[in-house]
Amino acid sequence: MLKIIFTSEDILRTRVAPAADPVWELILSLHLLQGRGREPLLTEWRRATARTLRMDSSAERFRLLLALNPPRGYFPDFLTPYASREGFQAGLEAVRGTPVDLLRRDLTRLAEENRLPAPAAALARGEPEALHHLTASMARYHSLAVTPYWPRIQAAVEADRARRARAMLDGGPEGLLASLRPGMRWADGVLEVLDYPDSRELHLDGRGLLLVPSFFCARTPVALLDPALPPVLVYPVDRLGGLAPHGGGGRNPDGTREALAALLGRTRAAVLEAADDGCTTGEMARRLHISAAAASQHTTVLRNAGLLVSHRDRNTVLHTLTPLGRAVLDA
């Protein structure tokens, strides 16, 4: 179990990342790609990505990247720099600028349990060519395995952010932390990650905590091993039906056309608008002066068309827009 120890200042400084983190999604997707765990919602993505990597003209470039990211256990902290919250290129630049002592430390630890290919030695020495090779392979992998699915990843993360924002409005920072159940438990200034693979404590010491919602995070949240690094906790979000090759979302095109045809009507347009900032079924019914059953029916049609997502929390269902839904509303 991981126990994250908060001071009163840490609670006030806890925040949620502003968007999906492209570097974290890249790294965590590598773990899922190589893992043997059953992730039914990602079956098509794994099959398509593995085939795409094999067919790439320079497939050998991924050997080191894959070795640095085993499906289970430790992976190097330097691969997911704090700068990645500013975007993908900022994250890659931070990786290229990793100090030699941190490279050597992280790779030595990784080599204790994993056999690394020969290029890892040059990387541990901080040779610029090795670092550029690594970030080039990260960029290429991202373009093949992550970018085609990015709208779906963003939609899932944005839906989770709407949930956390609502929890923050209703209960303040402690309400936000309490909303992370059931995989985590908040009580008396301690956030417990229940199924963490080892037992340790992380004392925030006034630095606060950055919560990073992630599509490719497996069931267990992830924290950096080095307690001196800015505290980050990456946690899984609802995958909203998973991924299909080329971002199709697994939806039949004929079914999509039928669902979109069902959207015509003033009431559903009002339902779509009400979901812009996040809205529960009950709130929607009261705002639009319709029954809860009617509100539920309209949101089901919109959800089937890919325009909003719904998440149940105890006795309420929160509806938020997908990027497509927002585009339709803006139009």
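Side-chain atoms are counted along with the backbone in the values below, which use heavy atoms only and exclude waters and symmetry mates.
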Student: With sequence neighbours left out, write down each residue that passes side chain to side chain donor-acceptor pair (under 3.5 Å) with Thr98, or none if nothing qualifies.
Tutor: none

Student: Would you mind checking if Arg219 and Asp195 are paired as a salt bridge, meaning a charged N to carboxylate O distance below 4.0 Å?
Tutor: no

Student: Which residue pairs pass the salt bridge (Lys or Arg N to Asp or Glu O under 4.0 Å) test with at least one member in residues 101-118, sequence neighbours excluded?
Tutor: Arg105-Asp226

Student: Could you identify which residues cluster with Ile5, counting Ile, Leu, Val, Met, Phe, Trp and Tyr as linked when any side-chain heavy atoms lie under 4.5 Å apart, either directly or through a chain of such contacts?
Tutor: Val190

Student: Apply side chain to side chain donor-acceptor pair (under 3.5 Å) to Arg185 and list each qualifying residue two or more places apart in sequence or on a separate chain.
Tutor: Glu192

Student: Once side chain to side chain donor-acceptor pair (under 3.5 Å) is applied, do any residues pair with Ser214, and if so which ones, sequence neighbours excluded?
Tutor: Glu25

Student: Does anything in residues 66-85 form a salt bridge (Lys or Arg N to Asp or Glu O under 4.0 Å)? List the pairs, not counting sequence neighbours.
Tutor: none

Student: Suppose clustering is done on Ile, Leu, Val, Met, Phe, Trp and Tyr with side-chain heavy atoms closer than 4.5 Å. Which residues sit in the same group as Leu204?
Tutor: Leu2, Ile4, Phe6, Ile11, Val16, Met168, Leu176, Leu177, Leu180, Met184, Trp186, Leu191, Val193, Tyr196, Leu202, Leu209, Leu211, Leu233, Tyr235, Val237

Student: Evaluate side chain to side chain donor-acceptor pair (under 3.5 Å) for Thr281 paired with His319, printing each intermediate quantity in order.
Tutor: CA-CA 7 Å; Thr281 304; His319 309 285; 2.8 Å; yes

Student: Per the ring pair (Phe, Tyr, Trp, His ring centres under 6.0 Å) rule, what does the pair list look like for residues 69-96, sequence neighbours excluded?
Tutor: His31-Phe75, Phe88-His142

Student: Under a 4.5 Å side-chain heavy-atom rule over Ile, Leu, Val, Met, Phe, Trp and Tyr, are Leu102 and Leu64 clustered together?
Tutor: no

Student: Can you tell me if Asp170 has over 12 outside heavy atoms packed within less than 6.0 Å of its CG?
Tutor: yes

Student: Check Glu93 with Arg96, please: is the shortest side-chain N to carboxylate O separation under 4.0 Å?
Tutor: yes

Student: Considering only residues two or more places apart or on different chains, which pairs with a residue in residues 107-131 satisfy ring pair (Phe, Tyr, Trp, His ring centres under 6.0 Å)?
Tutor: none

Student: Scan for salt bridge (Lys or Arg N to Asp or Glu O under 4.0 Å) pairs involving residues 118-139, sequence neighbours excluded, and state none if there are none.
Tutor: Arg125-Glu127

Student: Kindly write out the residues that satisfy side chain to side chain donor-acceptor pair (under 3.5 Å) with His311, not counting sequence neighbours, or none if the list is empty.
Tutor: Arg163

Student: Between the side chains of Ser310 and Arg303, is a donor N or O closer than 3.5 angstrom to an acceptor N or O?
Tutor: yes

Student: Enumerate the salt bridge (Lys or Arg N to Asp or Glu O under 4.0 Å) contacts for residues 230-240, please, sequence neighbours excluded, ordered by first and then second residue.
Tutor: Glu39-Arg239

